[in-house]
*Asks:* 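Below is one structure. I have some questions about it.
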Amino acid sequence: MLDLKYIRQNPDQIKQNISRRSESYKSDIDKIFELDEQKRKLQKQADAFKAERNSLSKSVNSPEQAEEIKEKVKQINQEISGLDSALDQIDNQIKDIILFIPNLPHLSVPEGKDESQNQIVKTWGNIPNLANPKPHWQIAEELGILDFENTARLAGARLATFIGWGAKLERALIQFMLNEASSAGYTEFAPPALISAKTLQGTGQLPKFAEDLYHLEGTDQYLIPTAEVPLTGFYANGKALSEAELPKRLCAYTPCFRSEAGAAGRDTRGLIRQHQFDKVELVHLCKPEDSEAEHEKLVRQAENILEKLNLPYRRVLLCAGDMGFSAAKCYDLEVWFPSQNAYREISSCSNCTDFQARRLNLKFKNKNGTEYLHTLNGSSLAVGRTWAALLENYQTPEGFLIPEALWPYLNNQKIIVKN
RNA sequence: GGAGAGAUGGCCGAGCGGUUGAAGGCGCAGCACUGGAAAUGCUGUAUACGGUUCGCUGUAUCGAGGGUUCGAAUCCCUCUCUCUCCGCCA
């Protein structure tokens, strides 16, 4: 959520910046500016009436005196309730608009409307030299370690079952990723996969992206689309964190659930786009002045996983028009998929500045009072896509090789072949 | 799911219709005392929004929402959460 006070003071600057995402937000800013002016005018009037009522009530010392002012206060109360309900209405109107406006792009974010204008920051690793690379689903189904067909009958499309070494590899990757985060100083969490509408509003998935989520009928709960939601929301309990405990660096493995509305026809085969997938997520909570450095640190932590698994990847800085709703700046990590002859997203690392913190009321305390935190999140990594990338990049005619970093997690198994 | 008890500032805890935005204590900060510290003493110590001549000042907030009243932390209603007991259950 943008800062109302900041909109009030710098409407033109905000309009200019937000239109880097899309011109359509300019009129929203104008509307908010207008409503805010009305609101302050009404509040001033209401406060004056309330002050008068308070001083009249305080002046009462006897029942007789109360009789004298009853009529007067009743009139004042009528004025107040009229003004208060008008204020309420304006507040709701502002909220209805502001909750749908995305974060302002950071100054270092390049101009651009879509992914074609993203900037490749770096490229790492050697692309394997494979004659006719098979896609991961073919390798996996030949080995009998991944199933889509029976799963579709059991549960529906865009869902998979890992079997045997496939299941073990999935579990090993989770364990490996969590251990890497732990040894880098992250605190491990195991949050619920159910989350309230309120928290989703706090992190920015609601109200705008409701159709992307699974909603539990008859409740205000949803399945989490990412552990970012419970982790970022965890300390939003109204109590400010102390400056000394910052930065907080959290990690969690969770399943993630996405309806993939609007993705019909895209990535229909394989593990790239599923309704349920595993992910290890990193979240940083820090002081505003630290968030850029924390962002670099977070991306490096995710890159470290790819490097230890020796998977070729590149880092991409997203342009203003391609960033997610809550992000002010975002790096995507893209891993090489030989069968597609392309890099595909495997992690998205965002600096959300104070955007989520303001929605969640997430603050810390310093000498001068309280201040909104900056929140950052990133995958480290999407497990299913990592699983798929390993099979493709390490494929052999008979199966695939396990990268050395995972040997300890798989009883020193070094290669998976058909038995 | 059933029965009961409770929710007050960073923490503990008083208040149960008006000078209470909230006693008292703890904690924290500053000052004094000290060679330094402890102990002691004094002073200060919620948040949000608005106005401001930037000194202040108005409004709101005692789990949340609504009601009664000239006036609500205090009375009434609804909801949420926590604890205890019972039931059910991985």
Side-chain angles (χ1 to χ4, degrees), chain A residues 1-11 32-99 190-202 216 218-223 230 233-246 248 254-255 285 287-288 354-373:
Chain A
M1 191 162 63
L2 303 184
D3 183 2
L4 199 53
K5 209 181 278 180
Y6 190 59
I7 294 178
R8 187 185 303 151
Q9 287 161 355
N10 312 281
I32 287 176
F33 187 79
E34 218 172 273
L35 287 167
D36 178 56
E37 268 193 328
Q38 283 179 41
K39 180 187 153 178
R40 276 182 299 152
K41 215 156 101 190
L42 290 174
Q43 189 180 342
K44 213 171 158 181
Q45 288 172 27
D47 280 358
F49 278 118
K50 284 175 186 172
E52 194 183 347
R53 176 180 66 185
N54 286 344
S55 79
L56 281 173
S57 292
K58 268 184 191 156
S59 71
V60 172
N61 290 316
S62 65
E64 299 80 58
Q65 262 181 310
E67 285 304 319
E68 283 172 35
I69 64 161
K70 267 187 185 176
E71 266 316 302
K72 207 166 178 183
V73 174
K74 266 186 185 157
Q75 275 175 28
I76 293 174
N77 276 342
Q78 269 186 9
E79 299 280 354
I80 289 175
S81 72
L83 289 166
D84 272 352
S85 68
L87 270 170
D88 251 20
Q89 236 179 40
I90 291 184
D91 263 340
N92 284 330
Q93 284 175 48
I94 291 175
K95 211 171 138 193
D96 282 346
I97 301 170
I98 208 167
L99 283 176
L194 267 53
I195 200 81
S196 70
K198 197 178 162 204
T199 308
L200 285 159
Q201 181 180 298
L216 301 177
T219 72
D220 84 327
Q221 291 170 315
Y222 293 74
L223 295 178
F234 189 80
Y235 292 101
N237 55 6
K239 287 176 198 162
L241 295 173
S242 72
E243 193 172 11
E245 56 190 320
L246 298 175
K248 278 197 177 292
T254 66
L285 308 176
K287 296 190 270 182
D354 60 0
F355 185 83
Q356 295 179 317
R358 188 167 279 112
R359 287 172 162 242
L360 288 162
N361 194 26
L362 195 49
K363 295 184 164 182
F364 73 98
K365 212 179 281 196
N366 59 20
K367 289 183 226 86
N368 309 318
T370 60
E371 202 176 334
Y372 287 112
L373 291 164

*Asks:* Could you work out, with side-chain hydrogen bond (donor to acceptor under 3.5 Å, both in side chains) as the rule, every residue matching A:Lys363, not counting sequence neighbours?
*Replies:*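 Per chain and number, A:Lys363 pairs via side-chain hydrogen bond (donor to acceptor under 3.5 Å, both in side chains) with no residue.
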
*Asks:* In dot-bracket form, 5' to 3', how is RNA chain B paired? Count Watson-Crick and G-U wobble pairs only if both distances fall under 3.5 Å, and write | where the partner sits on another strand.
*Replies:* ((((((((.[[[..)..(.....]]]((((((.......))))))((((((....)))))).[[[[[..)....]]]]])))))))....

*Asks:* Provide the distance between the two C1' atoms, one in B:C16 and one in B:U8, to the nearest whole Å.
*Replies:* 12 Å

*Asks:* Calculate the interatomic distance between A:Ile76 atom CD1 and B:U59 atom P; express it in whole Å.
*Replies:* 12 Å

*Asks:* Please state the C1' separation for the pair B:A46 and B:U20 - nearest whole angstrom.
*Replies:* 15 Å

*Asks:* With a 3.5 Å distance limit and no angle check, can you tell me whether A:Asn10 reaches the backbone of A:Tyr6 through a side-chain donor-acceptor pair?
*Replies:*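 Answer holds: yes.
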
*Asks:* Just by protein heavy atoms under 4.0 Å, how would nucleotides 48-56 of chain B read 5' to 3' in B, S and -?
*Replies:* SBSS-----

*Asks:* Does A:Asn54 offer a backbone N or O that forms a donor-acceptor pair with the side chain of A:Ser57 under 3.5 Å?
*Replies:*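 It does not hold such a pair.
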
*Asks:* Polar pairs (N or O, both sides) under 3.5 Å between protein and nucleotides 62-69 of chain B?
*Replies:*
none

*Asks:* Say you draw a straight line from CG of A:Asp354 to CG of A:Leu360; how long is it, rounded to the nearest 0.5 Å?
*Replies:*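 If I round to the nearest 0.5 Å, the distance is 11.5 Å.
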
*Asks:* Are any of the side-chain heavy atoms of A:Leu373 and A:Leu246 separated by less than 4.5 Å?
*Replies:* yes

*Asks:* If you measure from the C1' atom in B:A48 to the same atom in B:C62, how many Å do you get, rounded?
*Replies:* 15 Å

*Asks:* If you measure from the C1' atom in B:C11 to the same atom in B:C70, how many Å do you get, rounded?
*Replies:*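 It works out to 37 Å between them.
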
*Asks:* Could I get a table of every N or O pair under 3.5 Å where one atom is in the protein and the other is in nucleotides 15-20 of chain B?
*Replies:*
from	atom 1	to	atom 2	distance (Å)
B:G18	N2	A:Ser57	O	3.1

*Asks:* Distance check, C1' atoms only: B:A5 and B:C28, in whole angstrom units.
*Replies:*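 Result for the C1' pair: 33 Å, nearest Å.
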
*Asks:* How long is the line joining CD of A:Glu68 and P of B:G71, in whole Å?
*Replies:* 16 Å

*Asks:* Nearest-Å distance, CG (A:Asp91) to P (B:A60)?
*Replies:*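 Rounded to the whole Å, the gap is 16 Å.
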
*Asks:* State the CG-CG distance between A:Leu200 and A:Asp220, to the nearest 0.5 angstrom.
*Replies:*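 Between A:Leu200 CG and A:Asp220 CG, I get 9.5 Å after rounding to 0.5 Å.
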
*Asks:* Residues two or more places apart in sequence or in another chain: which of them pass side-chain hydrogen bond (donor to acceptor under 3.5 Å, both in side chains) with A:Glu37?
*Replies:* none

*Asks:* With side-chain contact (heavy atoms from CB on, under 4.5 Å) as the test, pick out the partner of A:Ile94 among A:Lys39, A:Gln38, A:Glu34.
*Replies:*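 Exactly one option meets the side-chain contact (heavy atoms from CB on, under 4.5 Å) with A:Ile94, and it is A:Lys39.
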
*Asks:* When you compare B:G10 with B:U47, how far apart are their C1' atoms, in angstrom units rounded to a whole number?
*Replies:*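 Straight-line distance between the two C1' atoms is 13 Å.
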
*Asks:* Which whole number of Å gives the distance between the C1' atom of B:U69 and that of B:A14?
*Replies:*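 The answer is 25 Å between these two C1' atoms.
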
*Asks:* Any heavy-atom pair between the side chains of A:Leu2 and A:Arg358 that's under 4.5 Å?
*Replies:* no

*Asks:* Round to a whole Å and report the spacing from NZ of A:Lys198 to P of B:U80.
*Replies:*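 One finds 15 Å between P of B:U80 and NZ of A:Lys198, rounded.
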
*Asks:* At what distance, to the nearest 0.5 angstrom, does CD1 of A:Ile69 lie from NZ of A:Lys74?
*Replies:* 11.5 Å

*Asks:* How long is the straight-line distance from CG of A:Leu87 back to CD of A:Gln43, given to the nearest 0.5 Å?
*Replies:*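 Between A:Gln43 CD and A:Leu87 CG, I get 6.0 Å after rounding to 0.5 Å.
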
*Asks:* Are there more than 12 heavy atoms of other residues, nucleotides or ligands under 6.0 Å from atom CD of A:Glu243?
*Replies:* yes

*Asks:* Once rounded to the nearest 0.5 Å, what's the spacing between atom NZ of A:Lys44 and atom CG of A:Leu83?
*Replies:*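 Here the interatomic distance stands at 13.5 Å.
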
*Asks:* Roughly how many Å is it from CG in A:Asp220 to C1' in B:U80, rounded to a whole number?
*Replies:* 11 Å

*Asks:* Is the distance from OP1 or OP2 of B:U59 to the nearest side-chain N or O of A:Asn54 less than 4.0 Å?
*Replies:* yes

*Asks:* A:Arg358 has an atom CZ; how far is it from atom C1' of B:U47, in whole Å?
*Replies:* 16 Å

*Asks:* Could you check how far CD of A:Glu371 sits from P of B:U47, rounded to whole Å?
*Replies:* 13 Å

*Asks:* Rounded to the nearest 0.5 Å, what separation is found between the CG atom of A:Asn361 and the CE atom of A:Met1?
*Replies:* 9.0 Å

*Asks:* Checking understanding here: a glycosidic angle within 90° of 0 is syn, the rest anti, so what is B:G65?
*Replies:*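 Anti, since the glycosidic angle lies more than 90° from 0.
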
*Asks:* Within the structure provided, determine whether A:Phe364 and A:Pro288 are in side-chain contact (heavy-atom separation under 4.5 Å).
*Replies:* yes

*Asks:* Using whole Å, what does the distance between atom P of nucleotide B:U61 and atom CG of A:Asn361 come to?
*Replies:*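 Atom-to-atom, A:Asn361 to B:U61, this comes out as 18 Å.
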
*Asks:* When the P atoms of B:C42 and B:A7 are compared, how many Å lie between them, rounded to an integer?
*Replies:*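 Each nucleotide's P atom is 32 Å from the other's.
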
